[in-house]
Amino acid sequence: MKRKKTLSLAATLSALALVLAGCSSGGGAGGTTLRLALNQTKEHPSFVALDNFGNRLSKATSGRWDIEVYPNETLGAQQEAIQLVSDGTVDMAIVSGTQLANLNKDFRVFNLPQVFDSIEHQMNVVNNPDIVGDLYSSLEDQNLTVLGGFTQGARSLYTSKGPITKPADLAGMKIRVQESDIHTKMIELMGGSATPMAYGEVYTALQSGVLDGAENNEVSYVSQKHHEVAKHYSYTNHLIGVDYLIMNTDRLAEMSAEDRAAFDREWQVAIQEHTELWKTATEEAIAEAKADGAQFHEVNTEAFSKALQPLIDESLTTDTARRLYEAAQSAAP
Ligand code: GCU
């Protein structure tokens with residue numbers, strides 16, 4: 001059986017020190033290599049699309065700018081990665097919307113249940129500057145610029161115990177959530193008990209029985225090997241999550257206008273490539289999970305949407321949040 005490697009905090013920090021000592025972001029034949037923190041494997045669509053983005057950027061800027069993607073939380077889990085990008089130790093990171101909502105509550109809107117009907121709908125909203133322009137520059141006082149988003153696909157529940165077809169089935173179950181108040185509340189409304197935890201720790205927690213389950217898309221379910229230890233995936237499809245590309249604002253400002261234009265153009269290509277790769281990766285993940293003995297179950301989605309409605313109502317508390325929510329609704333196809 002494959003075992004996922006987990007690092008203690010001390011080991012993570014010494015690995016980080018080694019990695020950073022080995023590459024100067026100002027160096028390399030006169031160009032700058034941007035270090036990007038990612039918590040996914042090298043096979044994940046986000047790694048592939050970002051790695052290709054770096055190659056195209058380097059070509060388009062004649063080597064003045066390049067990107068090195070560090071997968072598997074090598075530079076830290078998402079909460080640490082945000083701090084490292086903010087203080088400039090790391091240049092860029094992919095972080096879940098739940099993490100940015102901890103810095104500015106208005107980011108909650110795009111990580112709520114039932115906001116997006118489809119990935120296409122979501123991409124049209126989270127990458128539309130008319131809708132998200134102010135939101136994405138709202139963290140610049142912390143030296144963080146949000147550049148746009150990749151889809152996380154639809155997230156569903158999975159457990160080691162059995163199918164979850166209605167909220168009552170989750171009673172007494174410990175379900176991992178991202179480090180987010182709103183997702184803690186979400187699992188409670190869905191009937192379970194929430195345990196916030198970093199992504200890279202979930203496999204061991206499922207395996208040892210500290211957790212009964214978690215929630216994620218099929219690609220993460222399989223690339224993180226969770227399907228080996230939690231064999232029942234139940235299609236609650238409770239939300240379509242978003243991953244943001246964030247960058248240190250000062251570092252971004254170092255680009256010439258011409259290089260920045262190339263950067264923006266190639267980033268848009270990366271978003272399209274990611275969306276394409278996502279479809280295939282999802283199908284492949286389902287096939288792999290089934291071949292390994294995991295089971296996929298349909299659920300009473302109406303019962304879950306009803307249970308989750310209060311979360312939407314109580315999250316739309318500011319004018320900005322309501323405006324973003326309405327803009328998302330009106331962009332529905
Ligand atoms: C998805 C998402 C990640 C997130 C993870 C999680 O894989 O793409 O950004 O960190 O879920 O549940 O923590």
Side-chain angles (χ1 to χ4, degrees), residues 4 6 12 36-50 69-85 92-103 107 110-111 113 116 119 122-123 126 146-159 174-184 186-187 190 192 194-206 211 213-227 229-230 233 236-246 270-271 274-275 277-279 281-282 284-285 289:
K4 207 173 121 44
T6 51
T12 306
L36 193 160
L38 180 68
N39 64 358
Q40 310 289 1
T41 64
K42 280 190 156 185
E43 292 72 38
H44 190 279
S46 299
F47 181 91
V48 176
L50 292 164
V69 186
Y70 292 86
N72 297 318
E73 297 185 354
T74 331
L75 298 183
Q78 288 187 350
Q79 269 189 338
E80 288 115 34
I82 291 180
Q83 286 314 310
L84 294 169
V85 174
M92 307 163 89
I94 290 284
V95 294
S96 182
T98 48
Q99 302 287 350
L100 294 189
N102 292 335
L103 304 180
F107 277 95
F110 298 145
N111 256 71
F116 301 116
I119 292 174
Q122 177 193 44
M123 288 295 99
V126 302
V146 181
L147 292 157
F150 280 162
T151 192
Q152 292 179 359
R155 299 177 71 110
S156 286
L157 281 170
Y158 46 91
T159 79
K174 290 184 294 298
I175 304 296
R176 178 268 175 169
V177 288
Q178 299 173 70
E179 302 98 323
S180 143
D181 292 351
I182 197 112
H183 279 207
T184 296
M186 174 181 82
I187 288 298
M190 291 172 87
T195 305
M197 192 181 278
Y199 189 51
E201 293 168 19
V202 180
Y203 177 90
T204 311
L206 286 169
L211 291 172
E215 52 81 48
N216 221 313
N217 54 64
E218 298 97 327
V219 177
S220 287
Y221 178 53
V222 174
S223 61
Q224 294 297 305
K225 313 283 180 209
H226 296 173
H227 71 292
V229 284
Y233 190 97
T236 46
N237 282 325
H238 46 273
L239 62 87
I240 301 180
V242 54
D243 275 338
Y244 293 102
L245 177 64
I246 58 168
I271 294 170
H274 182 274
T275 309
L277 289 171
W278 191 260
K279 293 179 194 144
T282 302
E284 286 172 1

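Remember, predicted model here, so these are calculated numbers, not experimental data. Read the numbers this way: they start at 1 and go in the same order the structure lists the ligands and their atoms.
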Thr184 meets the side chain to side chain contact (heavy atoms under 4.5 Å, CB included) criterion, sequence neighbours left out, with Val177, Glu188, Ala194, Pro196
Partner set under ring pair (Phe, Tyr, Trp, His ring centres under 6.0 Å) for His274, not counting sequence neighbours: Phe150, Trp278
Please report the interatomic distance OH(Tyr70) to CG(Leu36), rounded to the nearest 0.5 Å. 10.0 Å
Straight-line distance of Ile271 CD1 to Leu245 CG, nearest 0.5 Å: 8.0 Å
I'd like to check the side-chain hydrogen bond (donor to acceptor under 3.5 Å, both in side chains) partners of Asn102; sequence neighbours left out, ordered by chain and number. none
Let me know which protein residues bring a heavy atom to under 4.0 Å of ligand 1; chain then number is fine for ordering. Asn39, Gln40, Gln78, Ser96, Gln152, Arg155, Arg176, Gln178, Tyr199, Asn216, Ser220, Asp243
Quick one: closest heavy-atom pair of Glu215 and Ile187, and the distance? CG-CD1, 4.3 Å
